[in-house]
Protein chains: 2
Amino acid sequence: MFCGADAVTVPCRDFGATGRAVLERAADVAVLPVENSIAGSVGGSYEVLLDPEFVVIGEVVAPIHHCLLAVPPARMEDLQRVLSHPVALAQCGRFLREHRPMEAVAWYDTAGAAQHVAQLKDPRVAAIAGQHAAARYGLAVLLSDIEDRPDNQTRFLVIAARSRLPDLPVQRGDAGFRTSLQIETKDVPGALARVLNVFAERSLNLSKLEARPGETPWSYLFFIDIDAAVDDVAMKDSLRALDDVAETRVLGSYPRRPATTTISPSRHPQ
Amino acid sequence: MFCGADAVTVPCRDFGATGRAVLERAADVAVLPVENSIAGSVGGSYEVLLDPEFVVIGEVVAPIHHCLLAVPPARMEDLQRVLSHPVALAQCGRFLREHRPMEAVAWYDTAGAAQHVAQLKDPRVAAIAGQHAAARYGLAVLLSDIEDRPDNQTRFLVIAARSRLPDLPVQRGDAGFRTSLQIETKDVPGALARVLNVFAERSLNLSKLEARPGETPWSYLFFIDIDAAVDDVAMKDSLRALDDVAETRVLGSYPRRPATTTISPSRHPQ
(Lines give C-alpha, C1' and ligand atoms only; values in the text may rest on other atoms or scores of the structure.)
Protein backbone atom coordinates (compact mmCIF):
# COMPACT_ATOMS: atom_id res chain seq x y z
CA MET A 1 0.00 0.00 0.00
CA PHE A 2 0.92 3.65 0.11
CA CYS A 3 3.08 3.57 3.22
CA GLY A 4 4.86 0.22 2.78
CA ALA A 5 4.05 -3.24 4.14
CA ASP A 6 5.25 -2.56 7.69
CA ALA A 7 2.95 0.41 8.30
CA VAL A 8 0.90 0.19 11.49
CA THR A 9 -2.80 1.02 11.10
CA VAL A 10 -4.75 3.05 13.65
CA PRO A 11 -8.50 2.24 13.57
CA CYS A 12 -10.72 5.35 13.69
CA ARG A 13 -14.45 5.58 14.20
CA ASP A 14 -15.13 8.32 11.63
CA PHE A 15 -13.46 10.66 9.16
CA GLY A 16 -12.97 13.45 11.68
CA ALA A 17 -11.17 11.02 13.98
CA THR A 18 -8.69 10.06 11.24
CA GLY A 19 -7.78 13.73 10.82
CA ARG A 20 -7.41 14.21 14.57
CA ALA A 21 -5.16 11.13 14.77
CA VAL A 22 -2.75 12.90 12.40
CA LEU A 23 -2.89 16.26 14.18
CA GLU A 24 -2.44 14.59 17.58
CA ARG A 25 0.51 12.51 16.26
CA ALA A 26 -1.19 9.15 16.76
CA ALA A 27 -0.67 8.62 13.01
CA ASP A 28 1.66 10.03 10.35
CA VAL A 29 -0.93 10.02 7.58
CA ALA A 30 -4.67 9.52 7.23
CA VAL A 31 -6.26 7.72 4.29
CA LEU A 32 -9.63 9.29 3.42
CA PRO A 33 -12.12 7.67 1.01
CA VAL A 34 -13.24 10.60 -1.13
CA GLU A 35 -15.24 8.86 -3.84
CA ASN A 36 -16.60 5.49 -4.87
CA SER A 37 -17.16 4.79 -8.56
CA ILE A 38 -20.72 3.54 -7.94
CA ALA A 39 -21.92 5.43 -4.84
CA GLY A 40 -20.22 8.78 -5.54
CA SER A 41 -18.50 11.27 -3.27
CA VAL A 42 -18.03 10.90 0.48
CA GLY A 43 -18.97 14.25 2.01
CA GLY A 44 -17.42 13.58 5.43
CA SER A 45 -13.95 13.22 3.92
CA TYR A 46 -14.22 16.61 2.21
CA GLU A 47 -15.10 18.14 5.59
CA VAL A 48 -11.69 16.98 6.88
CA LEU A 49 -9.88 18.49 3.87
CA LEU A 50 -11.28 21.95 4.76
CA ASP A 51 -8.78 22.18 7.64
CA PRO A 52 -5.74 24.10 6.29
CA GLU A 53 -3.51 22.07 8.63
CA PHE A 54 -3.68 19.18 6.15
CA VAL A 55 -1.76 18.59 2.92
CA VAL A 56 -2.78 15.95 0.37
CA ILE A 57 0.38 13.93 -0.30
CA GLY A 58 -1.03 11.16 -2.49
CA GLU A 59 -3.94 9.16 -3.79
CA VAL A 60 -4.81 5.45 -3.82
CA VAL A 61 -7.43 3.93 -6.12
CA ALA A 62 -8.43 0.46 -4.94
CA PRO A 63 -10.82 -2.19 -6.26
CA ILE A 64 -13.61 -2.88 -3.76
CA HIS A 65 -15.38 -6.23 -3.55
CA HIS A 66 -18.18 -7.14 -1.19
CA CYS A 67 -19.35 -10.49 0.20
CA LEU A 68 -22.61 -11.59 1.77
CA LEU A 69 -21.75 -13.07 5.18
CA ALA A 70 -23.91 -14.98 7.67
CA VAL A 71 -23.59 -17.41 10.57
CA PRO A 72 -23.20 -21.02 9.35
CA PRO A 73 -25.30 -22.92 8.35
CA ALA A 74 -27.45 -19.98 7.15
CA ARG A 75 -28.84 -20.31 3.62
CA MET A 76 -29.73 -17.59 1.11
CA GLU A 77 -33.42 -18.45 1.27
CA ASP A 78 -33.52 -17.89 5.05
CA LEU A 79 -32.20 -14.33 4.94
CA GLN A 80 -34.53 -11.50 5.93
CA ARG A 81 -32.19 -8.60 6.78
CA VAL A 82 -28.76 -7.52 5.66
CA LEU A 83 -26.65 -4.99 7.55
CA SER A 84 -23.84 -2.82 6.19
CA HIS A 85 -22.45 0.69 5.88
CA PRO A 86 -24.74 2.87 3.72
CA VAL A 87 -22.02 3.37 1.09
CA ALA A 88 -21.47 -0.41 0.82
CA LEU A 89 -25.26 -0.91 0.55
CA ALA A 90 -25.29 1.68 -2.25
CA GLN A 91 -22.54 -0.26 -4.07
CA CYS A 92 -24.71 -3.40 -3.93
CA GLY A 93 -27.97 -1.68 -4.91
CA ARG A 94 -28.76 -4.05 -7.78
CA PHE A 95 -28.18 -7.15 -5.62
CA LEU A 96 -30.48 -5.73 -2.94
CA ARG A 97 -33.20 -4.84 -5.46
CA GLU A 98 -33.04 -8.36 -6.91
CA HIS A 99 -33.27 -9.93 -3.44
CA ARG A 100 -36.12 -7.94 -2.03
CA PRO A 101 -37.91 -8.50 0.38
CA MET A 102 -34.52 -8.98 2.07
CA GLU A 103 -34.33 -5.71 4.03
CA ALA A 104 -31.18 -3.55 3.93
CA VAL A 105 -30.29 -1.93 7.26
CA ALA A 106 -27.61 0.76 7.54
CA TRP A 107 -24.80 0.02 10.03
CA TYR A 108 -21.94 2.30 11.09
CA ASP A 109 -19.33 0.28 9.21
CA THR A 110 -18.95 -2.96 7.24
CA ALA A 111 -16.79 -4.86 9.73
CA GLY A 112 -19.04 -3.71 12.58
CA ALA A 113 -22.02 -5.17 10.70
CA ALA A 114 -20.19 -8.51 10.34
CA GLN A 115 -19.31 -8.48 14.03
CA HIS A 116 -22.93 -7.78 14.98
CA VAL A 117 -24.18 -10.62 12.74
CA ALA A 118 -21.71 -13.00 14.40
CA GLN A 119 -22.93 -11.94 17.85
CA LEU A 120 -26.62 -12.24 16.89
CA LYS A 121 -26.19 -15.86 15.69
CA ASP A 122 -29.49 -15.43 13.77
CA PRO A 123 -29.43 -17.25 10.38
CA ARG A 124 -31.98 -14.74 9.06
CA VAL A 125 -29.54 -11.81 9.36
CA ALA A 126 -26.53 -11.27 7.04
CA ALA A 127 -23.84 -8.60 6.62
CA ILE A 128 -22.25 -7.10 3.53
CA ALA A 129 -18.52 -6.76 4.18
CA GLY A 130 -15.10 -7.69 2.85
CA GLN A 131 -13.90 -11.29 2.64
CA HIS A 132 -11.51 -10.71 5.56
CA ALA A 133 -14.46 -10.14 7.91
CA ALA A 134 -15.68 -13.72 7.35
CA ALA A 135 -12.51 -15.20 8.83
CA ARG A 136 -12.27 -12.60 11.58
CA TYR A 137 -15.79 -13.18 12.90
CA GLY A 138 -16.30 -16.85 11.96
CA LEU A 139 -18.95 -16.18 9.32
CA ALA A 140 -19.72 -18.12 6.14
CA VAL A 141 -19.34 -16.41 2.74
CA LEU A 142 -22.73 -17.04 1.08
CA LEU A 143 -21.87 -14.98 -2.03
CA SER A 144 -18.81 -13.08 -3.25
CA ASP A 145 -18.46 -10.01 -5.47
CA ILE A 146 -22.03 -8.81 -5.01
CA GLU A 147 -21.15 -5.19 -5.89
CA ASP A 148 -23.13 -3.77 -8.84
CA ARG A 149 -20.10 -3.64 -11.12
CA PRO A 150 -16.97 -5.81 -11.08
CA ASP A 151 -14.88 -2.67 -11.69
CA ASN A 152 -16.11 -1.08 -8.44
CA GLN A 153 -13.37 1.21 -7.10
CA THR A 154 -12.81 3.70 -4.32
CA ARG A 155 -10.44 6.62 -4.53
CA PHE A 156 -8.66 7.59 -1.32
CA LEU A 157 -6.63 10.72 -0.59
CA VAL A 158 -3.63 10.40 1.71
CA ILE A 159 -3.23 13.44 3.96
CA ALA A 160 -0.53 14.54 6.39
CA ALA A 161 -0.02 17.48 8.75
CA ARG A 162 1.52 20.49 6.97
CA SER A 163 3.93 20.96 9.88
CA ARG A 164 5.03 17.32 9.98
CA LEU A 165 5.30 15.84 6.49
CA PRO A 166 6.21 12.14 6.73
CA ASP A 167 9.37 10.67 5.23
CA LEU A 168 7.77 8.15 2.88
CA PRO A 169 9.22 6.10 0.03
CA VAL A 170 9.08 8.15 -3.19
CA GLN A 171 5.88 7.34 -5.09
CA ARG A 172 6.66 6.58 -8.71
CA GLY A 173 4.04 6.74 -11.39
CA ASP A 174 4.02 7.15 -15.14
CA ALA A 175 0.51 8.61 -15.22
CA GLY A 176 1.72 12.12 -14.44
CA PHE A 177 0.67 14.31 -11.55
CA ARG A 178 -2.59 15.54 -10.13
CA THR A 179 -3.26 18.69 -8.10
CA SER A 180 -6.17 19.11 -5.68
CA LEU A 181 -7.56 22.61 -5.20
CA GLN A 182 -10.17 24.19 -2.93
CA ILE A 183 -11.85 27.09 -4.70
CA GLU A 184 -14.29 29.71 -3.45
CA THR A 185 -15.76 31.73 -6.30
CA LYS A 186 -16.79 35.35 -6.00
CA ASP A 187 -20.55 35.74 -5.82
CA VAL A 188 -21.08 36.88 -9.43
CA PRO A 189 -23.08 35.22 -12.22
CA GLY A 190 -21.06 32.77 -14.26
CA ALA A 191 -18.27 32.61 -11.62
CA LEU A 192 -17.88 28.83 -11.83
CA ALA A 193 -17.85 28.94 -15.64
CA ARG A 194 -14.98 31.46 -15.42
CA VAL A 195 -13.02 29.13 -13.12
CA LEU A 196 -13.45 26.14 -15.45
CA ASN A 197 -12.54 28.28 -18.48
CA VAL A 198 -9.18 29.10 -16.86
CA PHE A 199 -8.27 25.41 -17.00
CA ALA A 200 -10.00 24.63 -20.33
CA GLU A 201 -8.19 27.48 -22.10
CA ARG A 202 -4.87 25.95 -21.01
CA SER A 203 -5.92 22.41 -22.05
CA LEU A 204 -5.72 21.18 -18.48
CA ASN A 205 -7.99 18.22 -17.73
CA LEU A 206 -10.39 18.57 -14.80
CA SER A 207 -10.82 15.05 -13.39
CA LYS A 208 -13.11 15.90 -10.47
CA LEU A 209 -15.43 18.71 -9.40
CA GLU A 210 -17.13 18.51 -6.03
CA ALA A 211 -19.45 21.22 -4.68
CA ARG A 212 -19.62 21.38 -0.88
CA PRO A 213 -21.73 23.65 1.35
CA GLY A 214 -20.16 27.09 1.93
CA GLU A 215 -20.40 29.52 4.84
CA THR A 216 -24.06 30.43 4.30
CA PRO A 217 -26.94 28.14 3.22
CA TRP A 218 -26.87 27.40 -0.52
CA SER A 219 -23.45 28.97 -1.06
CA TYR A 220 -20.72 26.60 -2.21
CA LEU A 221 -17.05 25.74 -2.01
CA PHE A 222 -15.58 23.72 -4.86
CA PHE A 223 -13.00 20.95 -4.69
CA ILE A 224 -11.34 20.56 -8.08
CA ASP A 225 -8.71 18.04 -9.22
CA ILE A 226 -6.57 18.95 -12.22
CA ASP A 227 -4.37 16.43 -14.02
CA ALA A 228 -1.13 18.41 -13.79
CA ALA A 229 1.62 19.09 -11.25
CA VAL A 230 1.37 22.32 -9.29
CA ASP A 231 4.70 23.52 -10.75
CA ASP A 232 3.75 22.87 -14.40
CA VAL A 233 3.87 26.07 -16.41
CA ALA A 234 0.19 25.82 -17.45
CA MET A 235 -0.84 25.15 -13.86
CA LYS A 236 1.13 28.07 -12.45
CA ASP A 237 -0.38 30.25 -15.14
CA SER A 238 -3.88 28.97 -14.23
CA LEU A 239 -3.40 29.74 -10.55
CA ARG A 240 -2.38 33.31 -11.41
CA ALA A 241 -5.42 33.70 -13.69
CA LEU A 242 -7.72 32.34 -10.95
CA ASP A 243 -6.76 35.23 -8.67
CA ASP A 244 -9.18 37.44 -10.59
CA VAL A 245 -12.20 35.19 -10.15
CA ALA A 246 -11.79 33.11 -6.98
CA GLU A 247 -9.97 32.38 -3.74
CA THR A 248 -7.84 29.29 -4.33
CA ARG A 249 -6.01 26.99 -1.92
CA VAL A 250 -3.68 24.24 -3.16
CA LEU A 251 -4.46 21.13 -1.09
CA GLY A 252 -1.60 19.14 -2.59
CA SER A 253 0.08 17.86 -5.74
CA TYR A 254 0.93 14.16 -6.10
CA PRO A 255 1.48 11.31 -8.60
CA ARG A 256 -1.71 9.98 -10.21
CA ARG A 257 -2.33 6.34 -9.37
CA PRO A 258 -4.01 3.93 -11.76
CA ALA A 259 -6.67 1.65 -10.25
CA THR A 260 -4.43 -1.35 -9.60
CA THR A 261 -3.47 -1.01 -5.95
CA THR A 262 -5.09 -3.62 -3.74
CA ILE A 263 -6.13 -2.29 -0.38
CA SER A 264 -7.45 -4.55 2.34
CA PRO A 265 -10.84 -3.25 3.44
CA SER A 266 -10.40 -2.16 7.03
CA ARG A 267 -12.72 -0.93 9.73
CA HIS A 268 -12.98 2.41 7.94
CA PRO A 269 -16.24 2.99 6.10
CA GLN A 270 -15.76 2.38 2.38
CA MET B 1 -46.96 21.52 2.95
CA PHE B 2 -46.66 20.90 -0.76
CA CYS B 3 -49.69 18.66 -1.15
CA GLY B 4 -52.11 20.33 1.27
CA ALA B 5 -52.90 19.56 4.89
CA ASP B 6 -55.01 16.48 4.20
CA ALA B 7 -52.31 14.58 2.32
CA VAL B 8 -51.70 11.04 3.56
CA THR B 9 -48.04 10.12 4.08
CA VAL B 10 -46.61 6.72 3.14
CA PRO B 11 -43.52 5.83 5.22
CA CYS B 12 -40.67 4.38 3.13
CA ARG B 13 -37.48 2.74 4.29
CA ASP B 14 -35.13 4.32 1.75
CA PHE B 15 -35.02 6.64 -1.26
CA GLY B 16 -35.50 3.85 -3.79
CA ALA B 17 -38.65 2.78 -1.95
CA THR B 18 -40.15 6.28 -2.21
CA GLY B 19 -39.71 6.16 -5.98
CA ARG B 20 -41.23 2.67 -6.21
CA ALA B 21 -44.22 3.82 -4.11
CA VAL B 22 -44.98 6.38 -6.85
CA LEU B 23 -44.47 3.96 -9.76
CA GLU B 24 -46.58 1.30 -8.03
CA ARG B 25 -49.36 3.86 -7.29
CA ALA B 26 -49.04 3.59 -3.50
CA ALA B 27 -48.32 7.35 -3.57
CA ASP B 28 -49.00 10.22 -5.97
CA VAL B 29 -45.74 12.03 -5.30
CA ALA B 30 -42.45 11.32 -3.54
CA VAL B 31 -40.54 13.96 -1.58
CA LEU B 32 -36.79 13.41 -1.93
CA PRO B 33 -34.23 15.25 0.24
CA VAL B 34 -31.58 16.28 -2.29
CA GLU B 35 -29.38 18.56 -0.22
CA ASN B 36 -28.82 19.82 3.30
CA SER B 37 -27.22 23.23 3.78
CA ILE B 38 -24.67 21.84 6.29
CA ALA B 39 -24.14 18.20 5.26
CA GLY B 40 -24.37 18.66 1.47
CA SER B 41 -25.97 16.53 -1.24
CA VAL B 42 -27.82 13.27 -0.69
CA GLY B 43 -26.53 10.85 -3.33
CA GLY B 44 -29.31 8.29 -2.92
CA SER B 45 -31.95 10.81 -3.98
CA TYR B 46 -30.09 11.61 -7.19
CA GLU B 47 -30.05 7.87 -7.99
CA VAL B 48 -33.87 7.95 -8.00
CA LEU B 49 -33.93 10.98 -10.34
CA LEU B 50 -31.98 9.00 -12.97
CA ASP B 51 -35.14 7.04 -13.79
CA PRO B 52 -36.78 8.78 -16.79
CA GLU B 53 -40.20 7.71 -15.47
CA PHE B 54 -40.03 10.58 -12.97
CA VAL B 55 -40.75 14.28 -13.41
CA VAL B 56 -39.75 16.91 -10.85
CA ILE B 57 -42.90 18.91 -10.16
CA GLY B 58 -41.73 21.10 -7.30
CA GLU B 59 -39.29 21.87 -4.52
CA VAL B 60 -39.63 22.42 -0.77
CA VAL B 61 -36.96 24.08 1.35
CA ALA B 62 -37.53 23.43 5.04
CA PRO B 63 -35.76 24.49 8.25
CA ILE B 64 -34.39 21.47 10.12
CA HIS B 65 -33.89 21.46 13.89
CA HIS B 66 -32.52 18.62 15.97
CA CYS B 67 -32.98 17.69 19.64
CA LEU B 68 -30.98 15.49 21.98
CA LEU B 69 -33.40 12.90 23.39
CA ALA B 70 -32.93 10.35 26.18
CA VAL B 71 -34.97 8.29 28.63
CA PRO B 72 -35.96 10.30 31.71
CA PRO B 73 -34.31 11.00 34.12
CA ALA B 74 -31.12 10.86 32.02
CA ARG B 75 -28.71 13.78 32.47
CA MET B 76 -26.23 15.27 29.99
CA GLU B 77 -23.27 14.20 32.13
CA ASP B 78 -24.34 10.53 32.02
CA LEU B 79 -24.42 10.26 28.22
CA GLN B 80 -21.85 8.04 26.53
CA ARG B 81 -23.38 7.33 23.11
CA VAL B 82 -25.70 9.17 20.77
CA LEU B 83 -27.49 7.48 17.85
CA SER B 84 -28.84 9.15 14.71
CA HIS B 85 -28.90 9.09 10.92
CA PRO B 86 -25.45 9.96 9.50
CA VAL B 87 -26.76 13.12 7.80
CA ALA B 88 -28.29 14.32 11.09
CA LEU B 89 -25.01 13.55 12.90
CA ALA B 90 -23.20 15.59 10.22
CA GLN B 91 -25.57 18.52 10.85
CA CYS B 92 -24.64 18.40 14.56
CA GLY B 93 -20.88 17.97 14.02
CA ARG B 94 -19.89 20.92 16.21
CA PHE B 95 -22.10 19.75 19.11
CA LEU B 96 -20.59 16.26 18.86
CA ARG B 97 -17.02 17.58 18.76
CA GLU B 98 -17.69 19.73 21.82
CA HIS B 99 -19.19 16.77 23.70
CA ARG B 100 -16.55 14.19 23.00
CA PRO B 101 -16.00 11.51 24.38
CA MET B 102 -19.75 11.09 23.79
CA GLU B 103 -19.63 8.62 20.90
CA ALA B 104 -21.74 9.20 17.76
CA VAL B 105 -23.24 6.02 16.28
CA ALA B 106 -24.91 5.99 12.84
CA TRP B 107 -28.49 4.69 12.77
CA TYR B 108 -30.71 4.08 9.76
CA ASP B 109 -32.96 7.04 10.52
CA THR B 110 -33.58 9.65 13.20
CA ALA B 111 -36.95 8.39 14.44
CA GLY B 112 -35.61 4.81 14.45
CA ALA B 113 -32.75 5.98 16.68
CA ALA B 114 -35.25 7.58 19.10
CA GLN B 115 -37.33 4.41 19.15
CA HIS B 116 -34.24 2.30 19.87
CA VAL B 117 -33.18 4.61 22.72
CA ALA B 118 -36.69 4.33 24.22
CA GLN B 119 -36.51 0.52 24.02
CA LEU B 120 -32.99 0.36 25.50
CA LYS B 121 -34.01 2.41 28.59
CA ASP B 122 -30.30 3.09 29.19
CA PRO B 123 -29.69 6.65 30.52
CA ARG B 124 -26.21 6.59 28.95
CA VAL B 125 -27.61 6.42 25.39
CA ALA B 126 -29.29 9.34 23.59
CA ALA B 127 -30.71 9.96 20.13
CA ILE B 128 -30.58 13.00 17.85
CA ALA B 129 -34.02 13.44 16.27
CA GLY B 130 -36.85 15.92 15.79
CA GLN B 131 -38.90 17.23 18.69
CA HIS B 132 -41.90 15.11 17.59
CA ALA B 133 -39.95 11.91 18.34
CA ALA B 134 -39.73 12.83 22.04
CA ALA B 135 -43.52 12.73 22.44
CA ARG B 136 -43.93 9.69 20.21
CA TYR B 137 -41.44 7.54 22.14
CA GLY B 138 -41.76 9.04 25.66
CA LEU B 139 -38.28 10.56 25.69
CA ALA B 140 -37.04 13.70 27.46
CA VAL B 141 -35.67 16.62 25.40
CA LEU B 142 -32.26 17.27 27.01
CA LEU B 143 -31.31 19.97 24.49
CA SER B 144 -33.02 21.63 21.51
CA ASP B 145 -31.61 23.14 18.31
CA ILE B 146 -28.23 21.38 18.52
CA GLU B 147 -27.64 21.69 14.75
CA ASP B 148 -24.40 23.53 13.86
CA ARG B 149 -26.24 26.52 12.43
CA PRO B 150 -29.68 27.90 13.34
CA ASP B 151 -30.37 28.42 9.61
CA ASN B 152 -29.96 24.69 8.87
CA GLN B 153 -32.17 23.79 5.90
CA THR B 154 -32.90 20.83 3.67
CA ARG B 155 -34.05 21.15 0.08
CA PHE B 156 -36.47 18.47 -1.14
CA LEU B 157 -37.58 17.75 -4.70
CA VAL B 158 -41.15 16.58 -5.26
CA ILE B 159 -41.39 13.98 -8.01
CA ALA B 160 -44.31 12.29 -9.76
CA ALA B 161 -44.71 9.63 -12.44
CA ARG B 162 -44.52 11.10 -15.96
CA SER B 163 -47.56 9.03 -16.98
CA ARG B 164 -49.67 10.04 -13.99
CA LEU B 165 -49.10 13.68 -13.03
CA PRO B 166 -51.12 14.51 -9.91
CA ASP B 167 -53.79 17.19 -9.82
CA LEU B 168 -52.30 19.40 -7.13
CA PRO B 169 -53.20 22.94 -6.01
CA VAL B 170 -51.32 25.45 -8.18
CA GLN B 171 -48.06 26.42 -6.48
CA ARG B 172 -47.70 30.18 -6.41
CA GLY B 173 -44.39 31.85 -5.84
CA ASP B 174 -42.91 35.24 -6.60
CA ALA B 175 -39.33 33.96 -6.71
CA GLY B 176 -39.63 32.85 -10.32
CA PHE B 177 -39.07 29.38 -11.70
CA ARG B 178 -36.31 26.81 -11.53
CA THR B 179 -35.49 24.06 -14.02
CA SER B 180 -33.65 20.84 -13.14
CA LEU B 181 -31.52 19.23 -15.87
CA GLN B 182 -29.55 16.01 -16.16
CA ILE B 183 -26.56 16.54 -18.44
CA GLU B 184 -24.06 14.08 -19.89
CA THR B 185 -21.13 15.86 -21.51
CA LYS B 186 -19.25 14.51 -24.50
CA ASP B 187 -15.85 13.14 -23.49
CA VAL B 188 -13.77 16.08 -24.68
CA PRO B 189 -11.51 18.42 -22.70
CA GLY B 190 -13.33 21.45 -21.36
CA ALA B 191 -16.77 19.88 -21.95
CA LEU B 192 -18.18 20.97 -18.58
CA ALA B 193 -16.82 24.50 -19.07
CA ARG B 194 -18.67 24.63 -22.41
CA VAL B 195 -21.92 23.58 -20.71
CA LEU B 196 -21.61 26.25 -18.02
CA ASN B 197 -20.70 28.88 -20.61
CA VAL B 198 -24.00 28.21 -22.41
CA PHE B 199 -25.87 29.40 -19.33
CA ALA B 200 -23.39 32.13 -18.31
CA GLU B 201 -23.51 33.73 -21.77
CA ARG B 202 -27.29 34.03 -21.43
CA SER B 203 -27.06 35.45 -17.86
CA LEU B 204 -28.87 32.43 -16.45
CA ASN B 205 -28.03 31.68 -12.84
CA LEU B 206 -26.84 28.16 -12.01
CA SER B 207 -28.01 27.47 -8.46
CA LYS B 208 -26.77 23.88 -8.15
CA LEU B 209 -24.26 21.58 -9.83
CA GLU B 210 -24.01 17.96 -8.72
CA ALA B 211 -21.62 15.45 -10.28
CA ARG B 212 -22.77 11.82 -10.00
CA PRO B 213 -21.02 8.63 -11.16
CA GLY B 214 -21.58 7.84 -14.85
CA GLU B 215 -21.67 4.55 -16.74
CA THR B 216 -17.97 3.75 -16.33
CA PRO B 217 -15.74 4.36 -13.29
CA TRP B 218 -14.69 8.03 -12.98
CA SER B 219 -17.04 9.23 -15.70
CA TYR B 220 -19.76 11.64 -14.59
CA LEU B 221 -23.33 12.74 -15.08
CA PHE B 222 -24.24 16.25 -13.99
CA PHE B 223 -27.41 17.47 -12.32
CA ILE B 224 -27.78 21.19 -12.88
CA ASP B 225 -30.45 23.59 -11.58
CA ILE B 226 -31.02 26.84 -13.48
CA ASP B 227 -33.09 29.70 -12.10
CA ALA B 228 -35.43 30.04 -15.07
CA ALA B 229 -38.56 28.37 -16.44
CA VAL B 230 -38.05 25.79 -19.16
CA ASP B 231 -40.12 27.91 -21.59
CA ASP B 232 -38.18 31.16 -21.00
CA VAL B 233 -36.60 32.39 -24.22
CA ALA B 234 -33.07 32.30 -22.76
CA MET B 235 -33.63 28.79 -21.44
CA LYS B 236 -35.00 27.44 -24.73
CA ASP B 237 -32.03 29.03 -26.47
CA SER B 238 -29.65 27.40 -23.95
CA LEU B 239 -31.16 23.96 -24.47
CA ARG B 240 -30.67 24.32 -28.25
CA ALA B 241 -27.04 25.42 -27.73
CA LEU B 242 -26.41 22.49 -25.39
CA ASP B 243 -27.19 20.02 -28.18
CA ASP B 244 -23.70 20.62 -29.57
CA VAL B 245 -21.88 19.78 -26.36
CA ALA B 246 -23.99 17.39 -24.27
CA GLU B 247 -26.98 15.08 -23.92
CA THR B 248 -29.57 16.93 -21.87
CA ARG B 249 -32.74 15.72 -20.15
CA VAL B 250 -35.19 18.16 -18.55
CA LEU B 251 -36.17 16.66 -15.18
CA GLY B 252 -38.77 19.35 -14.50
CA SER B 253 -39.53 23.05 -14.21
CA TYR B 254 -41.27 24.41 -11.12
CA PRO B 255 -41.72 27.50 -8.91
CA ARG B 256 -38.74 28.32 -6.69
CA ARG B 257 -39.57 28.13 -3.01
CA PRO B 258 -37.94 30.36 -0.40
CA ALA B 259 -36.82 28.65 2.80
CA THR B 260 -39.92 29.38 4.87
CA THR B 261 -41.98 26.23 4.55
CA THR B 262 -42.15 24.20 7.73
CA ILE B 263 -42.05 20.48 7.19
CA SER B 264 -42.58 18.03 10.00
CA PRO B 265 -39.54 15.72 10.16
CA SER B 266 -40.81 12.28 9.32
CA ARG B 267 -39.31 8.81 9.30
CA HIS B 268 -37.41 9.71 6.15
CA PRO B 269 -33.69 10.36 6.63
CA GLN B 270 -33.03 14.09 6.71
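Values below: all heavy atoms of this structure, side chains included; hydrogens, waters and symmetry mates excluded.
- Within a 6.0 Å radius of CD in B/Glu215, no more than 12 heavy atoms belonging to other residues, nucleotides or ligands are found.
- Between B/Arg212 and A/Ser41 the shortest side-chain heavy-atom distance does not fall below 4.5 Å.
- Note: A/Ser37 leads A/Ser37, A/Gly16, A/Gly44 in heavy-atom pairs under 4.5 Å with chain B.
- Remark: B/Ala26 pairs with B/Ala21 by the side chain to side chain contact (heavy atoms under 4.5 Å, CB included) rule, at least two apart or across chains.
- Between B/Pro213 and A/Ile38, every side-chain heavy-atom pair lies at or beyond the 4.5 Å cut-off.
- With a threshold of 4.5 angstrom between heavy atoms, B/Ala39 approaches chain A through N, CA, C or O but not through any side-chain atom.
- Only the backbone of A/Ser207 comes within contact range of chain B, judged by heavy atoms closer than 4.5 Å.
- For A/Arg100, the CZ atom counts as densely surrounded, since its 6.0 Å shell holds more than 12 non-hydrogen atoms of other residues, nucleotides or ligands.
- Proximity to chain A is absent for every atom of B/Arg194, based on heavy atoms less than 4.5 angstrom apart.
- Within the 4.5 angstrom heavy-atom criterion, only side-chain atoms of B/Tyr220, from C-beta onward, approach chain A.
- Heavy-atom pairs under 4.5 Å with chain A were tallied for B/Arg149, B/Glu210, B/Lys208; the largest tally goes to B/Arg149.
- Put simply, the side chain of B/Glu35 reaches to within 4.5 Å of the side chain of A/Trp218, judged on heavy atoms.
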